[in-house]
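Scope of the values below: all heavy atoms of this structure, side chains included, with no hydrogens, waters or symmetry mates.
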Amino acid sequence: MSRYSQRPENALKRANEFLEVGRPGRALDTLYEVFRNKKWAYNWSESVLEPIMFKYLELCVDLKKSHIAKEGLFQYRNMFQSVNVGSLENVIRGYLRSAEERTEAAREQSQQAVVDIDDLDNLATPESILLSAVSGEDAQDRSDRTILTPWVKFLWESYCQCLELLRTNAHVETLYHDIAKMAYQFCLKYNRKTEFRKLCDKLRKHLEDIAKLPPQTVNVSLSNPETQQYNLETRLCQLDYAIQMELWQEAYKATEDIHNLMSLAKKSPVPKTMANYYQKLAMVFWKAGYNLFHAAALLKLFQLSKEMKKNITAEELQKMASRVLLATLAVPLPSAHPEFDRFIETDKSPYEKAQKLAILLSLPAPPTRISLMKEVVRHNVVTLASEDLRNLYMWLEVDFQPLELCKRVETVTDPLIGSGSELEGYVAPVREVTLARLIRQLSQIYETLEYKRLLELASYCKPFHMERVLVDLVRHNDMQIRIDHGKGCIQFGMDLSESDECKQIHQSLIRHHHETKDKEHQRILARHKIIEDRKEYLERLNTVREEEEARRADEIARAAAAAEARRLDAEREEREKRRQESELQAIKDRNFKEKMQQISLTAHGQKVLKKLNEDALKNMDADEIAAKEAEELAKERAELVQKLKNRRKQMDYFERAKRLEEIPLLEQAWKEKQIHDKKFWELQEAERIQLANQERKLAEQNRERLARMKPDMDIFLGEMKERRTAEFQVKLAIFEEELVDIRKERLAIRKEERRIALIKQREEEKRRKEEEEWLRKEEERKKKEEEERKKKEEEERLANLARQEQLERQAEIQRKKEEEVQRKLEEKNKSLSSNSASSSWRNVDKNKDESKLFGSARDSKDRREGGFGRNRDDGPPSERRSLFNNRGNEERKGGVFSSRDSGWNRGGGGSSSGAFDKNFKDGSRDGVRSAFDRDTPRKREIPSSNDQGGGSSWRTIRAQDSEDKRKAAK
């Protein structure tokens, strides 16, 4: 991939750098890389690629490389033919414009206006090379051939490439036909007849290819009316240019193409197009010598102009009718025996040719001179023609005056000779028709006529020409004429070619035929039977021989196949052996080439390789070759240093000698320049003084002339000022009146606008005040609600503080009681441990005391956890039940159990109860099982009625800490 594949602007910049140093070839290669890479070129817009394409085509034109330009144009077309057709059209038009300008510049530089080469595609033919070798052409001829011819060829190739590029795309159809017209103009300008024929064939081939294309949106379709019109206009231009270049064969082909296109169209072309078509077709028929169809085409043109042209003048109509009538009279007289043409062995009979030409005129059948005369009379052409031509029609077609015919015709045709009109070309055919008409009329009057008398009647005819006319009449079997040069007369009649002897011979032949016709018929039938029998016999022999030959051929083929199989096996073995040997040799050669390629990458290595042959290289290793390369490099470096020293000395000596020589020359040139400048200044100064004097004299004359005119000017200015002042005063008064009226109207309008604005302002102020009042009331309401909420929260907070203080006092009292009970229990335990060896009655008493103690402890525990009596299922004492209920209601209302400030928790008790539980657990470890150990954790965590402190057990504290951590995490 190119190094500029990511940014095309870099390629354009690099190309400009190459152009600055004079390397257009490298610049063209750089830009070509942009369009050659198809993977990314489609990702850039036309704004980026269009300047690159213009520069690319400009370089192609400068270097005359049309094939490279063609590749770039094809790539650009593939990128933008369906995205931006305008960009593609601009690029192609710019390319052709540049090629035309360079060709025109070469034409102006060359003295030769037209290239004298038959075919631009084949410049150096063997004949031209031999001719240039033996002819003595001068330097100017060679210069013309080297300057103009390449540019003309390049322009021709550019036209062909662009036409080939755009031939099937419907989006650039207009551009395609414009380029075709430009190519026609090129062929006419440079008189390129061969290229014009090729261009016509190319466009005809393109039209055939278009007809074969599948129906798609991007393809050109001949069913489209616009496409048909474009092609019709292009073929009309082709017909016009072919006529100008006098290529009548191409003109005829163009008329066929035009007729085919008109037959494809659903509606007929416009009358202007048809008139142009008939006019050009008539000219083609005239040049081809088809006077009959020429007259028919002119008659079609006359009918079309008379029907469609609304503002046609009588003069134009008479001119057209005269031409049609004269062309019809110029049609040769038809043959008296047209059936003889069937016996002439040609590719196409005259009738088929005439039928093909009639199709071009949209005629159902080929016209004849008689039918054409009837059409002329039916369309009133004779009446509309000029008087002379009407008389000519009467003399040739109606009257029978052979003795005066030629003289009368001569009176009409002589004024046309040399007149330069379009009727002058019909004089010779009309005179030919007059001679044929004269001879036919004379044959009806005379049997024998002197030749001199015939020449006197045909005063404008020469003797030789008269003989040719007579021979033509006899050849076409129109008449039987004999020219007797001995007697100097002409004989007319039916029996001129038969003598008495010939009649006898003819009759004897007829009798012999009747006598032998039956016998001859039988002989022919017998011979026919013999021939058929022999054909059957030969066919049987051929069948047997072919079967035998086929059998032998099969045997030979089988033997050959077996031999071929053996040969193929031997060849396969030999081929496999050679393949193995070649693979080994290829490996050796590849290693050798890699070694040689590494060495030949440097210039010094290449020099070393030139000095060594292949045998020596095979015997040397890489180190030896590297040593030789280093030796060669050192040698070259020393030689280069020595050359630079010598060159420096040479330049130093040369520069010193040059300066010594130029010093006196410079001094002399300076002195001469001073003298020349002084003379030039004096001359300029004298001219300036002379011009100043002349200008002063002219100014004085103007001053005197203007001084005489000043009084008249003052009078004129005074009158003009007074008149304009009066007009100004009148206009000022009218303006002031209009100003007062307009001012009143505008004051009324402004007053009404101010009133409306004041009403709007008041309404807006009222609405704004209402909104402010509503906002103020809303703010007061919110403020009042906030104060009530704060007041209620403060009351609740004070109530909670009071309850908390009361609970703390109760908890303190309960704690002291529990401490007292614990102290007594400790003393009791000490006394029991000292009297462990007492009697049984003492143990019984101790158990009783313990049961009493533990019973009271359980009651205390029940009261602490549940607020009930001794039993857990009983309610609280009657004196404390009301207090417990009231406290529970207050706690539920104020959220005492959930408040963190009160120190209570739903599963917690006072701090003293925690200590109490701990002491009992310690006691159980001493061997005494407490009733509290049988309680569930949930029941132990419920506060008792006597526990009114803010403390909690260790389980309650841990549960509360876990709850706090969980809330903090949320």
Item to check | Contact summary for Lys193 and Met245, nearest pair of heavy atoms | outcome: CE-O, 3.6 Å
Checklist outcome for this item: What one should report as the nearest heavy-atom pair of Arg26 and Arg23 is NH1-NH2, 3.2 Å
Next on the checklist: Both conditions, 6.0 Å and 45 degrees, for the charged tip of Arg107 above the ring of Tyr190: are they met here?
Outcome noted: yes
Would one find more than 12 heavy atoms of other residues, nucleotides or ligands at under 6.0 Å from atom [atom1] of [X]?
{"X": "Glu687", "atom1": "CD", "answer": "yes"}
{"X": "Arg696", "atom1": "CZ", "answer": "no"}
{"X": "Met713", "atom1": "CE", "answer": "yes"}
{"X": "Gln244", "atom1": "CD", "answer": "yes"}

Using a strict threshold of under 4.0 Å (side-chain N to carboxylate O), is an ion pair present between [Y] and [X]?
{"X": "Asp201", "Y": "Lys198", "value": "no"}
{"X": "Arg708", "Y": "Glu704", "value": "no"}
{"X": "Glu655", "Y": "Arg659", "value": "yes"}
{"X": "Lys673", "Y": "Asp677", "value": "yes"}
{"X": "Glu581", "Y": "Arg578", "value": "no"}

Next on the checklist: Set out, in order, the CA-CA distance, both residues' side-chain angles and the distance that settles side chain to side chain donor-acceptor pair (under 3.5 Å) for Tyr95 and Glu58, then state yes or no.
Outcome noted: CA-CA 7 Å; Tyr95 169 58; Glu58 182 182 351; over 6 Å; no
Checklist entry - Looking at NZ of Lys70 and SG of Cys160, how far apart are the two atoms once the value is rounded to the nearest 0.5 Å? => result 9.5 Å
Does the [X] side chain pair with the main chain of [Y], one donor and one acceptor, at a distance under 3.5 Å?
{"X": "Ser98", "Y": "Gly94", "value": "no"}
{"X": "Glu89", "Y": "Val172", "value": "no"}
{"X": "Asn90", "Y": "Gly86", "value": "yes"}
{"X": "Arg102", "Y": "Trp151", "value": "no"}
{"X": "Thr255", "Y": "Tyr252", "value": "yes"}
{"X": "Asn191", "Y": "Cys187", "value": "no"}

Item to check | Summary of salt bridge (charged side-chain N to carboxylate O under 4.0 Å, His left out) pairs that have at least one residue in residues 643-652, sequence neighbours excluded | outcome: Asp652-Arg656
Checklist entry - Quick check, are the ring centers of Tyr184 and Phe196 under 6.0 angstrom apart? => result yes
Checklist entry - Residues two or more places apart in sequence or in another chain: which of them pass side-chain hydrogen bond (donor to acceptor under 3.5 Å, both in side chains) with Glu104? => result Lys189
Checklist entry - Going through the checks in order, is the salt bridge (Lys or Arg N to Asp or Glu O under 4.0 Å) test met by Glu662 and Lys658? => result CA-CA 6 Å; Glu662 70 180 2; Lys658 185 173 66 174; over 6 Å; no
